[in-house]
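Written below as structure tokens is the structure these notes are about.
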Amino acid sequence: MQEVFVRHPLVRRLAAHCGAAALVTGLLTGLLTVAAPAASAADTTTDLGVTFDSYTTDLAVGGGRVFVSATDRIIVADTGGNLTGDAVTGLSGVRELAMNADATRLYAALTGSNEVAEIDTASLAVTRRIDLSAHPCPSTLALLGERLWVGHGCDNGPGGVVGLDLSAATPAPVAIGGEHLSAPVLAAAGDTLVVGRTGLHHADMLVYDIGGGTPEPRGTIDGTKWRTDYLRDLALTSDGTTLFSAADGPGRFNRYDTRTLAATGAYGDGWDGYPSAVALGSGGAYVAAGRQFGSTDLTLYGAATGAAMFAADKPDAELLPDGVAFSGSDVFALLRSSADRLLLWRVTGVALPASTLKVTAPARAFIGSPVTVEGRLTRADGKALGLKPLAVTRRSVEGRKDPIAGVTTRKDGTFTFQDTPPDVGEVTYQVFWDGDDYYRRSNASATVMIRHVSTLTMGGPQSGVVGTAVTLTGVLMAGDNPPVGATLTVQRSVYNDDGSGGSVTLPPVSVNDDGTYTFTDTPTVAGRYSYLAMWSGEATAGPAKATHQIVVE
């Protein structure tokens with residue numbers, strides 16, 4: 001009997017990670033993950049016009065349009081993310097979508113009517129409905145040529161997979177493999193079909209050879225061995241040899257060889273949310289990875305290197321499972337807002353060649369003084385991109401954002417600007433290039449601590465006598481206010497003719513709440529006494545020092 005677990009957010013996820021991370025790290029080929037540029041203001045988010053409180057939706061991109069399933073209809077948008085005003089209606093319980101290679105036909109799994117609908121993408125008319133009443137709740141699809149595989153299974157199970165020959169006038173469903181606990185996730189490409197079990201703590205992925213027409217079992221990618229926890233989505237390279245999975249555990253997007261059935265790599269660090277969607281773009285060169293319940297919704301990885309090339313987040317919305325697809329160099333993702341609205345998120349230019357933006361600034365500066373920020377925008381190979389406008393924002397530690405206009409790169413890619421922050425504290429200069437038709441956007445930042453100018457005074461007698469105590473006083477101010485709890489370091493240096501002088505550090509001197517301080521010292525030899533008081537400063541105030549000299553006889 002298969003064991004079923006209820007998905008829980010981060011608590012169970014972290015517990016699973018602790019046990020799985022060590023195993024996966026040791027067994028998988030590690031892939032480098034680096035900091036990635038963030039999304040830009042050029043991205044668009046479109047409200048699709050429906051209230052949506054479900055996780056069961058899907059999107060298909062082709063023929064210059066985006067099709068989104070939404071319970072009883074399929075909504076249509078263009079590849080700019082704009083609603084066309086068209087929709088396919090009269091559908092019952094639309095789940096997953098699949099589009100053929102020339103984008104002329106769209107297939108929709110209808111759980112409500114136990115059918116697969118075939119739709120003409122030009123007229124948006126339903127051209128036929130394929131009856132699956134003997135295999136209720138069709139939910140997931142994988143299309144390859146004229147072969148459509150359908151994963152079915154209602155909430156109370158059982159589920160399974162059937163194959164359909166779409167070239168037949170009335171396709172007859174042919175069962176593949178045995179029963180499943182629920183509708184499995186599917187992927188098909190080349191000569192490979194992968195059937196992934198769902199709703200399980202350790203989910204196997206069953207690999208079939210479909211090169212001969214009839215699926216023949218090739219083997220199983222062991223969910224227990226690789227700790228595949230709650231499988232959500234699958235993607236195959238076009239030749240069917242490499243599989244990518246999105247599952248709660250081990251928290252990273254895993255890569256498998258469908259010939260050897262072994263894991264060959266992983267993407268991400270496993271701590272940034274639940275993997276819930278995965279798609280391949282640019283001929284398999286890029287992996288678009290979607291997450292839930294984390295700080296990053298979407299990450300683009302280089303498929304070969306595992307390097308994180310781009311990251312984006314929508315903090316007011318949640319990315320939906322199986323809700324990511326490429327459209328040329330763009331990525332589309334489906335979101336559910338905090339108000340339960342279904343959103344289409346277009347993230348532009350992520351699959352273009354990379355650009356590199358570097359920014360430098362001084363670590364510290366004093367209030368009222370201009371800060372000089374410098375940097376350079378180049379291609380990945382270091383060559384300049386010429387004159388490009390940059391978007392610059394100064395962000396304070398309180399979160400206030402102030403734009404800095406008019407910053408443009410020179411022909412050699414360099415740029416310089418000056419700014420005078422109005423307040424004390426940490427400020428971050430965020431510099432963003434929005435990209436163009438040839439190179440991907442990039443961003444960088446530099447942080448500067450803006451501090452008060454501190455002042456320290458010290459006064460006392462001009463002369464003294466050996467053996468008689470002298471008193472020195474002064475005031476320490478950090479800008480217009482005394483620092484709280486400050487302590488001074490005081491050095492005494494004695495200069496005389498017989499060489500009996502030298503330098504010593506006196507006991508620390510505490511500063512009063514009003515900035516004043518007092519200390520005494522008793523000269524033991526004659527000579528010229530020099531007292532040096534020093535304050536090392538604090539996060540929002542610079543250091544200060546003061547001196548005083550006394551001639552002792």
Side-chain angles (χ1 to χ4, degrees), residues 36-62 64-71 73-87 94 97 232-233 246 272-279 281 286 288-300 308-352 391 393 395 399 401 403 430 432-437 440-443:
S40 82
D43 301 334
T44 61
T45 303
T46 303
D47 189 319
L48 296 180
V50 293
T51 299
F52 196 79
D53 60 358
S54 171
Y55 285 98
T56 55
T57 184
D58 192 26
L59 77 167
V61 181
R65 287 177 293 177
V66 182
F67 299 86
V68 179
S69 62
T71 308
R73 71 195 70 181
I74 297 173
I75 301 168
V76 185
D78 62 26
T79 50
N82 307 299
L83 289 174
T84 64
D86 298 319
V94 191
L97 305 175
R232 303 294 169 189
D233 198 11
D272 202 19
Y274 290 101
S276 59
V278 62
Y286 301 112
R291 292 180 172 86
Q292 292 182 311
F293 306 116
S295 58
T296 302
D297 288 330
L298 180 69
T299 306
L300 183 79
M309 307 174 70
F310 181 88
D313 186 66
K314 285 288 184 181
D316 58 344
E318 176 184 7
L319 190 141
L320 295 171
D322 191 29
V324 172
F326 275 89
S327 174
S329 62
D330 298 344
V331 170
F332 281 96
L334 293 177
L335 307 172
R336 189 176 71 184
S337 74
S338 56
D340 286 339
R341 300 291 289 179
L342 183 59
L343 309 176
L344 179 64
W345 182 25
R346 175 180 176 238
V347 188
T348 60
V350 296
L352 292 171
T393 302
R395 182 172 183 173
K401 297 180 179 180
Q430 298 173 319
F432 183 86
W433 180 54
D434 198 31
D436 55 23
D437 292 339
R440 187 168 67 246
R441 73 199 72 183
S442 56
N443 70 305

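Throughout, numbering of the chain's residues begins at 1 and tracks the sequence.
Nearest heavy atoms, Y286 versus A351: CE1-O, 3.3 Å. Minimum heavy-atom separation, V50 to A70: CG2-CB, 4.2 Å. The two atoms that bring A325 and A279 nearest to each other are CA-CB, 4.2 Å, heavy atoms only. Nearest approach of D313 to G294, heavy atoms of both residues: OD1-O, 4.3 Å. Heavy-atom minimum distance, S69 versus L97: N-CD1, 3.8 Å. Residues L320 and A277 share a closest heavy-atom pair of O-CB, 4.3 Å.
Between D297 and W345, some side-chain heavy-atom pair lies under the 4.5 Å cut-off. Considering only heavy atoms from C-beta on, V66 stays 4.5 Å or farther from V76 through its side chain.
In this structure, the side-chain hydrogen bond (donor to acceptor under 3.5 Å, both in side chains) partners of R336, at least two apart in sequence or on a different chain, are Y55. Every residue two or more places apart in sequence or in another chain that forms a side-chain hydrogen bond (donor to acceptor under 3.5 Å, both in side chains) with D47 is listed here: R341. By the side chain to side chain contact (heavy atoms under 4.5 Å, CB included) test, S295 is found to be paired with D272, residues two or more places apart in sequence or in another chain being considered. Judged as a side-chain hydrogen bond (donor to acceptor under 3.5 Å, both in side chains), and not counting sequence neighbours, the contacts of S54 are T56. By the salt bridge (charged side-chain N to carboxylate O under 4.0 Å, His left out) test, D436 is found to be paired with K388, residues two or more places apart in sequence or in another chain being considered. By the side chain to side chain contact (heavy atoms under 4.5 Å, CB included) test, A289 is found to be paired with F253, Y301, residues two or more places apart in sequence or in another chain being considered. Under the side-chain hydrogen bond (donor to acceptor under 3.5 Å, both in side chains) criterion, T45 pairs with K314, sequence neighbours left out.
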V324 and V331: CA distance, side-chain angles, deciding distance, side chain to side chain contact (heavy atoms under 4.5 Å, CB included) verdict: CA-CA 7 Å; V324 172; V331 170; 3.8 Å; yes

R232/Y274 under side chain to side chain contact (heavy atoms under 4.5 Å, CB included): CA gap, chis, key distance, verdict: CA-CA 10 Å; R232 303 294 169 189; Y274 290 101; over 6 Å; no

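Within the structure, side-chain hydrogen bond (donor to acceptor under 3.5 Å, both in side chains) contacts touching residues 321-330 (residues at least two apart or in different chains) are D330-R346.
Under the 3.5 Å distance criterion, the side-chain polar atoms of S337 are matched with a main-chain donor or acceptor of A339. The closest donor-acceptor contact from the side chain of D340 to the backbone of T51 lies at 3.5 Å or more, if one exists at all. In this structure, the side chain of T46 engages the main chain of G81 through a donor-acceptor pair within 3.5 Å.
No side-chain donor-acceptor contact under 3.5 Å links T84 and R65.
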